[in-house]
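Since the structure is predicted, the reported quantities are computational estimates derived from the model, not experimental observations.
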Amino acid sequence: IIEVTKPNKKADFPPTGTFEWDEKQIHIMAKTSSDSQLVRQLHYMATQLSIDHMGPSLVERLVNKGIDSLEGIFALDINTLCELERMGEKSATRLLDSIAKAKSSATLLDYMVASGCFEGGIGREKLEKVVSSLSKDQLLVSPIKKEIFDNIDMIGPKSIPHLHSGLSSFRKWAKKNKINTATKSR
């Protein structure tokens, strides 16, 4: 560039107050999620935790009723479900049984996968290596040091920052959703 003939206007993206940059200032994320994003997130969680009878349509009706977290799904009762359009007592009972089964059988690994907190190629297989290599205290309580991931099979230097930030996000998610951290690791 030899000279600037016309100065550029102030950038109008992202709209002020609606988006934020990640900690490395690389990715931009919406500060608040839309209902459609929330429906996708809750449906993903339900699918990962093997909650049967909980399709996107039902999740959308639950979101419209104010259910916005896994904690909210776990707290559902027969009366709340029967108030929903197209939900009878028999369907509500089947759904509650499936939720109870998922809640009692879910492991820490299942919750980590369902949370959607891990990015950058960190899926069930890598998380399984992490969960089997670290103590529950290291995963949920101790200060997170990147060095704890150094000697875990399948975890290379590119995965470590994603695990580090994902684990930090997962801890917040688990607290928000009142996940029992005494749940079995595997």
Side-chain angles (χ1 to χ4, degrees), residues 14-15 17-20 22 27-120 122-128 130-132 136-137 139-141 162-163 165-186:
T18 57
F19 293 89
E20 63 187 0
D22 67 356
H27 300 98
I28 192 164
M29 302 164 289
K31 280 187 175 179
T32 58
S33 63
S34 67
D35 282 352
S36 63
Q37 288 172 312
L38 184 57
V39 167
R40 283 193 305 273
Q41 290 168 345
L42 290 176
H43 183 255
Y44 177 79
M45 286 179 208
T47 302
Q48 293 302 310
L49 294 172
S50 300
I51 299 175
D52 297 327
H53 317 293
M54 188 168 254
S57 173
L58 174 58
V59 174
E60 185 174 3
R61 286 181 277 151
L62 290 170
V63 166
N64 291 337
K65 185 105 173 128
I67 306 300
D68 64 354
S69 65
L70 189 60
E71 175 194 12
I73 291 172
F74 284 169
L76 286 170
D77 59 44
I78 192 93
N79 295 329
T80 303
L81 287 171
C82 286
E83 289 173 4
L84 296 174
E85 186 179 319
R86 301 187 323 259
M87 177 65 73
E89 191 172 332
K90 188 174 179 180
S91 296
T93 301
R94 277 198 314 261
L95 177 59
L96 289 173
D97 289 346
S98 183
I99 291 170
K101 180 181 175 188
K103 191 174 178 181
S104 68
S105 65
T107 64
L108 180 59
L109 174 63
D110 294 329
Y111 285 124
M112 290 173 84
V113 173
S115 72
C117 292
F118 297 88
E119 298 175 348
I122 308 297
R124 179 173 285 276
E125 192 175 358
K126 284 186 181 179
L127 286 173
E128 192 168 17
V130 170
V131 169
S132 65
K136 197 176 285 191
D137 186 64
L139 290 168
L140 299 171
V141 181
H162 297 291
L163 278 167
S165 64
L167 196 53
S168 177
S169 297
F170 175 72
R171 287 177 175 185
K172 292 174 190 165
W173 179 88
K175 186 175 184 177
K176 175 188 174 216
N177 286 284
K178 297 183 180 172
I179 299 304
N180 179 1
T181 55
T183 190
K184 54 190 174 248
S185 296
R186 297 177 219 108

Where [X] and [Y] come nearest, the two heavy atoms and their spacing:
| X | Y | answer |
| --- | --- | --- |
| S98 | D52 | OG-N, 2.6 Å |
| W173 | M45 | NE1-CE, 3.5 Å |
| E89 | I78 | O-CD1, 3.9 Å |
| C82 | A92 | SG-CB, 4.1 Å |
| T80 | L76 | CG2-CD2, 4.0 Å |
| I51 | F74 | CD1-CE2, 4.4 Å |

How long is the straight-line distance from [atom2] of [Y] back to [atom1] of [X], given to the nearest 0.5 Å?
| X | Y | atom1 | atom2 | result |
| --- | --- | --- | --- | --- |
| R171 | S115 | CZ | OG | 13.0 Å |
| Q48 | H43 | CD | NE2 | 10.5 Å |
| L109 | R124 | CG | CZ | 4.5 Å |
| S91 | L96 | OG | CG | 11.0 Å |
| H53 | M87 | NE2 | CE | 10.0 Å |
| K65 | L62 | NZ | CG | 9.5 Å |

Does the side chain of [X] reach to within under 4.5 Å of the side chain of [Y], using non-hydrogen atoms?
| X | Y | value |
| --- | --- | --- |
| T107 | V131 | no |
| K90 | R94 | yes |
| L49 | L70 | yes |
| L58 | L84 | yes |
| Y111 | N177 | no |

Query raised in the report: Can any side-chain N or O of N64 pair as donor or acceptor with the backbone N or O of R61 at less than 3.5 Å?
Result: no
Query raised in the report: Checking side chain to side chain contact (heavy atoms under 4.5 Å, CB included) for the pair L139/V130: CA distance, chi angles, key distance, verdict?
Result: CA-CA 9 Å; L139 290 168; V130 170; 3.7 Å; yes
Report task. Could you check whether the rings of F118 and F170 sit parallel, tilted or perpendicular, using 30° and 60° as the cut-offs? Result -> tilted
Report task. For K178, check side-chain hydrogen bond (donor to acceptor under 3.5 Å, both in side chains) against everything at least two apart and list the hits. Result -> E71
